[in-house]
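The structure under discussion appears below in the form of structure tokens.
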Amino acid sequence: MKRTKIKAALNATGPMDEITIMGWVRTKRDNKGFSFVELNDGSCLVNIQAVIDHTPEIEAALDRVGTGASVSITGELVESPGKGQKWEVRGRSIEVLGEADQETFPLQKKRHSDEFLRGIAHLRPRTNKYGAIFRIRSELAQAIHKFFAEKEFYYIHTPIITGSDCEGAGEMFRVTSLEHGSTQPPDMDFFGKPAQLTVSGQLSVEMFALSLGDVYTFGPTFRAENSNTPRHVAEFWMIEPEMAFADLADDMDLAEEMIKYLITHIMDHCPDDVDLFAKWVDKSLMPTLENILKEPFKRLPYTEAIDILKKAKKGFEFPVEWGMDLQTEHERFLCEEQFKKPVYVYDYPKTIKPFYMRMNDDGRTVAAMDCLVPRIGELIGGSQREERMDVLQARMGEMGLSEEDYWWYLDSRRYGTAPHAGFGMGFERMLMLVTGVANIRDVMPFPRTPNSLDF
RNA sequence: UCCCCAGUAGCUCAAUUGGCAGAGCGGGUGACUGUUAAUCACUAGGUUCGCGGUUCAAGUCCGUGCUGGGGAGCCA
């Protein structure tokens, strides 16, 4: 099929005698003797307008066309005499590719609530807002690979199915090939042992940092937590870079550079789509993004953060004391009120962090960092990893972890260990940041949440 | 998982103290020679989320279940 994408047609530098456009009808306006048909094909936010003079044959076709139908229109591309668009198609013929019954087609020529559109997740990318979200989502994924390629990081595909039942984060989904309700023991299962969906590629990707140097993984991860918030889903994508011969400061440098790179990239490459969000979704989007770009992030040791929170004239629900994990209200206070920009909190108490984070000289904190951003909360969590075999073994002992289960992980410290650091960034949370979309379910094609697996 | 709120036409919402279930948009039909989510006229459209209860009478009150939203926890 020969067609010109609408994005290309709208960017034309001159008229065209022969053009065929295909897309979905957003609206049709009939007049006596001719009709306007606005088409969108997903290639860009903007529709193209086609003007078609009526003939008996064309009228018969137009009778079958309503909002949502897909059509092919052939004619010429001309400068529009009307206001609102530079180019339009003067149609000579129209072919109806797929009708849409107006009685039942759920998308109307008006704004719908996000809640309603979630119920028709298979059709919502045909709306302006969701089309824009998923174009930006694609561009953001590409930008991540571009960023790491430019910095000469290697892209590692870490496994989705894992046999490590404790990767240091959250409840896991079990993977089995046994019949539902089977009483067979795990050693009769496919892998001969229990298997789960990964919650993080970190332990795997560390092995490759300690081989290839600078690496990253970017793929789906799964959490079986019964979380019901606008910031959590059961299946989400995570970017996890890992650098050999790097410490916590290098880690924070990389994360900050990456966030700024991604925001700049999206502003440069998706101006129309970003504009839609700035206008209709979050009026403070542009100031927020510009604010993130303009200054260095605040770097705040956990112990100082606790002091600030203690002195804050603020009725926190949770009392503040050294050793506790920061609550949502504390995180929001730090980045939205105290510093009004992204904040790294680092050097957390060892008791609230996983075994693999590097012990600091004080013996009570570890080289961990969280990057907190306004509105989203924790966008990134990372650390310098414990590279010293004896310290790592001691930590695992404290936390009741079996060295046998991690024999391959420990081998990386046994043979040629080296300082290294990395972090995990929630891809969808980054997408929420650059679009201003408030609910994570609205930046995923088909979100998976507790009791929801409809598509 | 806990706390709070909501569920009425395809969508977004009204409905006074418990007293005849409504509007806008969308749909259908018609009009209109340049419209921009066109406009104008006419028109159809309801198991008031399910189940049980109180009452002469329930969209409205009570119980329960389901679904959705907000907040919290867990985290990215």
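The chains referred to below are lettered A, B, ... by the order of the sequence lines, with proteins before strands, and numbering in each begins at 1.
Here the side chain of A:Gln108 is nearest to one of B:U35, B:C75, B:C25, namely B:C25. For A:Thr229, counting side-chain heavy atoms from C-beta on, the closest listed nucleotide (B:G70, B:C74, B:G34) is B:C74.
Here salt bridge (charged side-chain N to carboxylate O under 4.0 Å, His left out) pairs that include residues 443-455 of chain A, with residues two or more places apart or in two chains, number zero.
At the phosphate of B:G73, OP1 or OP2 sits under 4.0 Å from a side-chain N or O atom of A:Thr328. For the pair A:Gln327 and B:G73, the criterion of a side-chain N or O lying under 4.0 Å from OP1 or OP2 is met. For A:Asn31 and B:U33, the shortest distance from a side-chain N or O to OP1 or OP2 is not below 4.0 Å. Residue A:Asn439 has a polar side-chain atom (N or O) positioned under 4.0 Å from OP1 or OP2 of B:G70.
For A:Pro194, the side chain to side chain contact (heavy atoms under 4.5 Å, CB included) partners are A:Pro186, A:Gln196, not counting sequence neighbours.
For B:A57 and B:A21, the C1' atoms lie 15 Å apart once the distance is rounded to whole Å.
Across every strand in view, B:U67 sits in a pair with B:A6 that passes the Watson-Crick or G-U test at under 3.5 angstrom.
Put simply, the side chain of A:Glu257 reaches to within 4.5 Å of the side chain of A:Phe147, judged on heavy atoms.
Using a 4.0 Å heavy-atom cutoff across all strands shown, A:His232 reaches at least one base atom of the nucleic acid.
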